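Because the structure is a prediction, the values reported are computed rather than measured. Lettering of chains follows the sequences in order, A, B, ..., and the numbering in each one begins at 1.
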Amino acid sequence: MTMLYSRIVETYQKIEATTKRLEITKLLVDLLKETPSEIIDKVVYLTQGKLYPDYLGIEIGIAEKLAIKALAIVTAAKESRIADEYRRRGDLGDAAEALLAGKTQVGLRNERLTVEEVYGVLDRIAESSGPGSVESKIRQLTLLVGKASSMEAKYVVRTALGRLRLGVADMTLLDALAHALAEGKESKPVLEQAYNRSSDLGFVAKALASDGIDAIKSFKVTVGRPIRPMLAERLSDPQEILEKMNGSAAAEYKYDGLRIQAHLSSRKVTLFSRRLENITDQFPDLHTLLKEGISDDEIILEGEAVPVDPSTGELLPFQLVSQRRGRKYELEKTIQEIPVALFIELPRRREALEKIIRRSEKLDLSRQIIVNKPEQLDDFMQQAVADGCEGLMIKSIGPDSIYKAGARGWGWIKYKREYKSEMQDAVDLVVVGAFAGRGRRGGTYGALLLAAYDGKDDVFRTACKCGSGFKDEDLAKLPDILEKFKISHRHPR
DNA sequence: AATGGCTGCCC
DNA sequence: ATTCTGC
DNA sequence: GCAGAATGGGCAGCCATT
């Protein structure tokens with residue numbers, strides 16, 4: 001059983017032509033129904049713009065610069081030509097389609113691309129490493145695009161970049177799987193739970209396609225396999241927060257660190273990041289801390305790893321702990337230099353946690369109080385900020401306060417200092433440049449380059465970019481407003 | 001051996 | 001991370 | 001309100017170049 005890549009492309013094209021969610025889902029349902037079960041995982045991954053679940057950490061390793069090089073080779077054009085087209089359209093896939101316009105044939109051999117072939121080539125690109133691998137990645141992408149029609153090329157390029165931009169992500173795929181291969185809407189929660197427990201949508205799809213919904217129902221949480229993390233909503237008004245929480249809630253320090261999901265079994269400890277990368281090697285100190293400080297050998301915990309000054313216990317800036325994330329070299333040295341503390345908490349599990357934890361300076365429960373008045377939230381917030389935290393996490397303590405993966409509902413709410421205007425500073429900056437937008441920002445600006453005036457030397461010093469907070473309407477006006485100030489040279493100041 | 005471009009992940 | 005938009 | 005897609009700074013590693 002095989003499937004032509006053009007079949008997927010057909011669906012992508014139709015999805016791109018609409019913004020209606022129901023229609024998008026229906027189109028995916030039709031595709032998934034026609035997909036042979038042996039390759040349904042591949043179709044799901046490709047539609048997510050990846051090849052494997054996040055936690056395996058296998059990346060294609062192609063982004064815009066390398067894709068531009070490949071497209072330059074395929075189209076026999078200069079890289080600058082491709083880059084111009086990209087700037088103009090805001091999407092490299094669109095640029096590829098335009099530059100290959102009218103190309104329907106697949107080279108000399110009259111063979112059409114299959115899903116397996118596209119996946120296989122991207123997989124080999126992902127595998128490439130070591131000296132010469134950049135060239136090899138480019139060459140392989142070049143050959144793949146060379147075999148594709150212009151329309152196929154558009155989506156091959158977008159998939160390689162990991163940005164399909166179809167308005168389809170995991171929740172829509174789950175919806176579509178429920179309708180295509182199970183009993184429709186009523187199956188969605190079961191599928192979603194399986195996804196939350198496995199963190200692998202391709203795996204869920206495959207199990208569903210080959211073994212049916214009953215196999216999905218038996219998915220269990222497994223120590224050692226990461227679960228999807230619970231996310232929080234944001235609110236800036238303490239009153240509103242308490243209303244959402246039905247009057248009272250647990251308020252906790254929101255520590256400024258790295259989120260850690262720790263899996264403890266009798267055999268080993270495994271640590272995962274928020275996107276479920278395995279970061280066990282980077283935190284052997286936490287490994288030891290957990291082994292010695294937790295008297296339960298089969299448990300999944302979650303917490304925040306925060307850099308600390310061991311002599312004072314003071315919490316230090318996030319950037320420090322991020323020096324440990326992903327580090328492979330000079331690890332021991334960095335661990336010495338940047339010790340971290342782990343603050344753990346789970347909803348409605350505080351009492352249970354207190355029983356199994358040996359609290360210390362380096363391993364503790366998140367600082368928490370129960371609140372039922374807005375003023376208590378503000379007082380506690382002041383304390384949290386004074387203690388080096390970002391603000392508060394407010395967690396429901398009602399009977400419904402379970403761990404819910406994803407940003408589902410209002411179980412957790414974050415309340416940060418920067419949401420409060422009186423706790424912010426303002427700065428005056430001037431626009432000194434702009435960057436081409438991507439995707440829906442194609443043809444307009446993606447971000448502005450801002451600078452501050454330095455009176456001492458009479459120069460403008462660039463401070464940051466600003467690419468958010470624009471309404472579509474604002475964004476549309478910006479080029480008109482700014483274009484007349486555009487200069488082709490670098491301003492002397 | 002040092003540096004810089006690029007990519008991906010953390011917030 | 002924050003912010004905006006269409007459903 | 002949900003889901004998705006724009007966007008930020010800053011970190012490390014990998015590879016190519018010098």
A:Y403: partners by side chain to side chain donor-acceptor pair (under 3.5 Å), with sequence neighbours left out: A:R259, A:E302
Pair A:D387-A:Y255, side-chain donor/acceptor within less than 3.5 Å: no
Any donor-acceptor N or O pair under 3.5 Å, side chains A:R225, A:S199: no
Kindly list each side-chain donor-acceptor pair under 3.5 angstrom involving residues 68-83 of chain A, sequence neighbours excluded, with atom names and distances?
{"from": "A:T75", "atom 1": "OG1", "to": "A:L71", "atom 2": "O", "distance (Å)": "2.7"}
{"from": "A:R81", "atom 1": "NH1", "to": "A:E85", "atom 2": "OE1", "distance (Å)": "2.8"}

Contact state string [nucleotides 1-7 of chain C, B base, S sugar-phosphate only, - no protein heavy atom under 4.0 Å]: SBBSSSS
Outermost nucleotides of DNA chain D that come under 4.0 Å of a non-hydrogen atom of chain A: D:dG1 to D:dA16
Residue A:Q424 excluded, over 12 heavy atoms near CD under 6.0 Å: yes
NZ/A:K26: more than 12 non-hydrogen atoms of other groups inside 6.0 Å: no
Let me check something: any side-chain donor-acceptor pairs from residues 440-447 of chain A under 3.5 Å, sequence neighbours excluded? List them with distances.
{"from": "A:R440", "atom 1": "NH2", "to": "A:D472", "atom 2": "OD1", "distance (Å)": "3.4"}
{"from": "A:R440", "atom 1": "NH2", "to": "A:D472", "atom 2": "OD2", "distance (Å)": "2.5"}
{"from": "A:R441", "atom 1": "NH1", "to": "A:G446", "atom 2": "O", "distance (Å)": "2.8"}
{"from": "A:R441", "atom 1": "NH1", "to": "A:G467", "atom 2": "O", "distance (Å)": "3.2"}
{"from": "A:R441", "atom 1": "NH2", "to": "A:G467", "atom 2": "O", "distance (Å)": "3.2"}
{"from": "A:T444", "atom 1": "OG1", "to": "A:L475", "atom 2": "O", "distance (Å)": "3.2"}
{"from": "A:Y445", "atom 1": "OH", "to": "A:E483", "atom 2": "OE1", "distance (Å)": "3.3"}

Sugar-phosphate only, base, or nothing, as touched by A:K50 at under 4.0 Å among non-hydrogen atoms: nothing
Sugar-phosphate only, base, or nothing, as touched by A:V321 at under 4.0 Å among non-hydrogen atoms: nothing
Show the atom names and distances, to 0.1 Å, of all donor-acceptor pairs under 3.5 Å that link a side chain in residues 123-132 of chain A to residues at least two apart or in another chain.
{"from": "A:D123", "atom 1": "OD1", "to": "A:Y52", "atom 2": "OH", "distance (Å)": "2.8"}
{"from": "A:D123", "atom 1": "OD2", "to": "A:Y52", "atom 2": "OH", "distance (Å)": "2.9"}
{"from": "A:S128", "atom 1": "OG", "to": "A:R124", "atom 2": "O", "distance (Å)": "2.9"}
{"from": "A:S128", "atom 1": "OG", "to": "A:Q140", "atom 2": "NE2", "distance (Å)": "3.1"}

